[in-house]
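Residue numbers start at 1 and run along the sequence shown.
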Amino acid sequence: MAKVLALALLIFIGATFLFWKALHVYYKNEFGKKTWKLGGGRVYFWQSALFVGTATTFLTMYILKWTHVLTF
């Protein structure tokens with residue numbers, strides 16, 4: 001069970017990192033530097049990043065379980 005949790009955590013961190021790497025400059029320019037510095041833009045960005053990381057983790061774990069690659 002610990003291996004499954006470690007895999008899920010690794011997938012979550014990886015998906016969140018890829019989201020951040022791909023879109024943080026776009027979000028910063030979209031909200032403007034002032035809003036980004038005040039924190040309002042960052043809140044929306046990190047909410048989106050956490051949602052995408054969680055959804056990617058659930059979807060990946062479901063697919064791994066469905067294809068019988070991952071056994072509990």
Side-chain angles (χ1 to χ4, degrees):
M1 190 65 162
K3 290 181 184 179
V4 174
L5 291 175
L7 178 64
L9 185 63
L10 193 68
I11 293 169
F12 176 76
I13 291 171
T16 306
F17 175 76
L18 288 175
F19 182 87
W20 173 79
K21 191 69 173 168
L23 295 175
H24 79 279
V25 173
Y26 171 76
Y27 269 74
K28 196 181 285 188
N29 292 335
E30 185 69 25
F31 282 105
K33 296 200 185 254
K34 184 177 181 183
T35 305
W36 186 261
K37 279 187 154 191
L38 291 175
R42 286 185 291 201
V43 170
Y44 296 127
F45 176 76
W46 285 111
Q47 278 181 331
S48 301
L50 292 176
F51 176 74
V52 168
T54 303
T56 304
T57 302
F58 279 123
L59 182 64
T60 305
M61 296 298 281
Y62 178 76
I63 290 171
L64 289 175
K65 179 69 174 161
W66 181 61
T67 58
H68 301 291
V69 173
L70 185 66
T71 57
F72 290 103

Hydrophobic clustering (ILVMFWY, side-chain heavy atoms < 4.5 Å, transitive) - are [Y] and [X] grouped together?
| X | Y | value |
| --- | --- | --- |
| Val25 | Phe17 | no |
| Leu10 | Leu5 | no |
| Phe31 | Leu38 | no |
| Leu70 | Leu9 | no |
| Trp36 | Val43 | no |

Item to check | Closest heavy-atom pair and its distance - Lys37, Arg42 | outcome: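 Heavy-atom minimum between the residues: O-NH2, 3.1 Å.
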Item to check | Residue pair Gly53 / Ala15: nearest heavy atoms and the distance that separates them | outcome: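 Closest heavy-atom pair between Gly53 and Ala15: CA-CB, 4.0 Å.
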Checklist entry - Who else is in the cluster with Ile63 when I, L, V, M, F, W and Y are joined by side-chain contacts under 4.5 Å? => result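 The other cluster members (ILVMFWY side chains, heavy atoms under 4.5 Å, direct or chained) are Leu59.
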Checklist entry - What residues, two or more places apart in sequence or in another chain, satisfy side chain to side chain contact (heavy atoms under 4.5 Å, CB included) together with Thr57? => result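 Applying side chain to side chain contact (heavy atoms under 4.5 Å, CB included) to Thr57 gives Ala8, Ile11, Phe12, Met61.
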Item to check | side chain to side chain contact (heavy atoms under 4.5 Å, CB included) partners of Val69, counting only residues at least two apart | outcome: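 With neighbours one apart ignored, the set is Leu64, Thr67.
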Item to check | Parallel, tilted or perpendicular, as decided by the 30° and 60° cut-offs, for the rings of His24 and Trp20 | outcome: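 It falls in the parallel class, under 30°.
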By ring-ring contact (aromatic ring centres under 6.0 Å, His included) - contacts of [X] (at least two apart):
| X | value |
| --- | --- |
| Phe19 | Phe45 |
| Phe51 | none |
| Phe58 | none |

